[in-house]
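None of these values were measured; they are calculated from a predicted model.
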Amino acid sequence: MNLQELRERLSEVDRQLLALVAERQRLSREVAEAKRSEGRATRDYTREREVLMQARATADSLGISPALAESVLRLLIRGSLTTQERIRVAAGGRGDGKSALVIGGTGKMGRWFSEFMASQGYTVTVADPAGKPDNAAYPYTYVADWRESGLDYDLIVVATPLKIANVVLQELAERKPRGVVFDIGSLKTPLRQGIDALQSAGVKVTSVHPMFGPDTELLSGRHVIFIDMGNREAVDAARELFGSTMAEQVVMGLDEHDRLIAYVLGLSHALNIAFFTALAESGEAAPRLAQLSSTTYDAQVDVATKVAGESPDLYFEIQHLNDYGRESLLALRGAVEKLLQSVSTGDSPAFTAMMQRGREYLAGRVRND
Ligand SMILES: O=C(O)C(=O)C[C@]1(C(=O)O)C=C[C@@H](O)C=C1
């Protein structure tokens, strides 16, 4: 066979593979229904392990790489889980007969929430001064300014940029809506006044931080943080929204949230900004570095590239508006100084101690994906 013929055969095999993937997905939808009627959880780690082990053994007997087979099956299981989670969220029907308003609903996370709530049966209204999305089949009621309409909703989600959110929450407090109100900001200390105003006005208020980006399809392994401002009903209602998903729910206080986020978001963003700034400012080495690779460098460059592509406004807000933001930046500076000190004085025990401490610290970390 010549190259052209071989490529045609490969394309045919790819088509067959994808037809099998479609068949697997179809079966997985049936599994979702079966598990729902038997009252079983969506995710079954024991079964996943079995599937992966089976794939490795089959690969071995076929003379192909077990690692390749495992990666393919991991992707397919992820596909299954995404489909199954969606089925469960829709079947839960937690929003049937209920209405929701998403203020800032055409932004990225606003869109995510609108879709998520609509998939549960909520009738969604989107308010956003950015204009109605140019889509003939736009599925939600649209208003440019929420201030000009009634507030008779079961749920109001504030998905505006942080700076505006505090004002919106205060304005909402004046109108005392009957439904549950929550924002989805990445920081909570800049929203303290708005949330407090709602609380004092007797509104059912909480605050939610979805710890994932707008492209997220599967919530298994993801965290959603709920801030308890003293209104149990509001916290329960917000948690209930995620009740059919596999997201892990964490409830905490407002200050605790921002203290932790200063590290989880603030420190990891800062480290990447420092990394690419150091590279870009490395003088004549900069263009040559861009061509090189090594395992750690490539992994770090991948993360840094994502960070560099994010919104500077949002990333600045995350650093600047956090009451506890300085703490983690100073910790980073302290760590770099300690490193510099050990390296420049040839203090190998100090360097080794840093590595050892990191190893111990990170070994205690549980990660599930
Ligand atoms: O066997 C199941 O319970 C499935 O839902 C299927 C499947 C898979 O894709 O193989 C998907 C998710 C589960 O966690 C385990 C396995």
Requested in this report: Report yes if the distance between the aromatic ring centroids of Tyr140 and Tyr138 is under 6.0 Å, otherwise no.
Outcome: yes
Query raised in the report: Does some side-chain heavy atom of Ile103 sit less than 4.5 Å from a side-chain heavy atom of Ile156?
Result: yes
Query raised in the report: Is the number of heavy atoms from other residues, nucleotides or ligands under 6.0 Å of Arg178 CZ greater than 12?
Result: yes
Requested in this report: List the atom of Gln319, the atom of Ala270, and the distance in Å for their closest heavy-atom pair.
Outcome: NE2-N, 3.8 Å
Query raised in the report: For residues Gln120 and Ser244, is any side-chain donor paired with an opposing acceptor at under 3.5 Å?
Result: no
Query raised in the report: Does NZ belonging to Lys35 count more than 12 external heavy atoms closer than 6.0 Å?
Result: yes
**Report entry** Asp347 vs Pro349 side-chain heavy atoms within contact, under 4.5 Å
**Finding:** yes
Query - Separation of Met109 CE from Phe212 CZ (nearest 0.5 Å) - result: 5.0 Å
Query - Atom pair CD/CD1 of Gln199 and Ile195 - distance to nearest 0.5 Å - result: 9.5 Å
Report task. Tell me whether Val251 is reachable from Leu254 by hopping between hydrophobic residues (I, L, V, M, F, W, Y) whose side-chain heavy atoms are closer than 4.5 Å. Result -> no
Query raised in the report: Taking the side chain as C-beta and beyond, is there a heavy-atom pair between Met229 and Leu198 under 4.5 Å?
Result: no
Query - Between CG on residue Asp313 and CG on residue Leu162, distance to nearest 0.5 Å - result: 11.5 Å
Query raised in the report: Does atom CZ of Arg7 have more than 12 heavy-atom neighbours from other groups under 6.0 Å away?
Result: no
Query - Salt-bridge present (Arg26, Glu30; N to O < 4.0 Å) - result: yes
**Report entry** Crowding at CG, Asn2 (>12 non-hydrogen neighbours, <6.0 Å)
**Finding:** yes
Report task. Take Thr189 and Asn322, measure what side-chain contact (heavy atoms from CB on, under 4.5 Å) needs, and give me the verdict at the end. Result -> CA-CA 6 Å; Thr189 46; Asn322 188 346; 3.8 Å; yes
**Report entry** Derivation and outcome, salt bridge (charged side-chain N to carboxylate O under 4.0 Å, His left out), residues Asp228 and Arg232
**Finding:** CA-CA 7 Å; Asp228 188 349; Arg232 214 41 284 145; 3.5 Å; yes
Query raised in the report: Taking 4.0 angstrom as the limit, do Glu70 and Arg74 come out as a salt bridge?
Result: yes
Query raised in the report: Any Lys/Arg nitrogen of Arg15 or Glu12 sitting under 4.0 Å from an Asp/Glu carboxylate oxygen of the other?
Result: yes
Query raised in the report: By side-chain contact (heavy atoms from CB on, under 4.5 Å), which residues pair with Phe316, not counting sequence neighbours?
Result: His320
**Report entry** Lys/Arg N to Asp/Glu carboxylate O, Arg78 vs Glu217, below 4.0 Å
**Finding:** no
Report task. Just grab all the salt bridge (charged side-chain N to carboxylate O under 4.0 Å, His left out) pairs involving residues 290-306, residues at least two apart or on different chains. Result -> none
Query raised in the report: Using 30° and 60° as the class limits, which term best fits the ring planes of Phe113 and Phe242: parallel, tilted or perpendicular?
Result: perpendicular
**Report entry** Heavy-atom side-chain proximity of Leu172 to Val203 below 4.5 angstrom
**Finding:** no
Query - Any Phe275 side-chain heavy atom under 4.5 Å of Val303 side chain - result: no
Query raised in the report: Looking just at side-chain N and O atoms, do Gln356 and Glu360 make a donor-acceptor pair shorter than 3.5 Å?
Result: yes
Report summary line: On a heavy-atom basis, the closest approach of Ala127 and Trp146 is CB-CB, 3.8 Å
Query raised in the report: Can you hop from Leu271 to Met211 via hydrophobic side chains spaced under 4.5 Å?
Result: no
Query raised in the report: Rounded to the nearest 0.5 Å, how far does OG1 of Thr123 lie from CG of Asp96?
Result: 9.0 Å
Query raised in the report: Does Phe351 CZ have over 12 foreign heavy atoms under 6.0 Å away?
Result: no
Requested in this report: With rounding to the nearest 0.5 Å, note down the distance linking CZ in Arg56 to CG in Leu73.
Outcome: 11.0 Å
**Report entry** Heavy-atom check, side chain of Val158 versus side chain of Leu191, under 4.5 Å
**Finding:** no
Query - Ile261 and His209, any side-chain heavy atoms less than 4.5 Å apart - result: yes
Query raised in the report: Between Gln4 and Glu8, does any side-chain donor sit less than 3.5 Å from a side-chain acceptor?
Result: yes
Report summary line: Residue pairs meeting salt bridge (charged side-chain N to carboxylate O under 4.0 Å, His left out), one or both in residues 187-204, sequence neighbours left out, come to Asp183-Lys188, Arg192-Asp255, Arg192-Asp323, Lys204-Glu233
**Report entry** Val102: which of Arg111, Glu115, Met117 passes side chain to side chain contact (heavy atoms under 4.5 Å, CB included)
**Finding:** Met117
Query raised in the report: Is it true that Glu85 and Arg88 make a salt bridge, defined as a side-chain N closer than 4.0 Å to a carboxylate O?
Result: no
Query - Separation of Glu48 CD from Glu50 CD (nearest 0.5 Å) - result: 11.0 Å
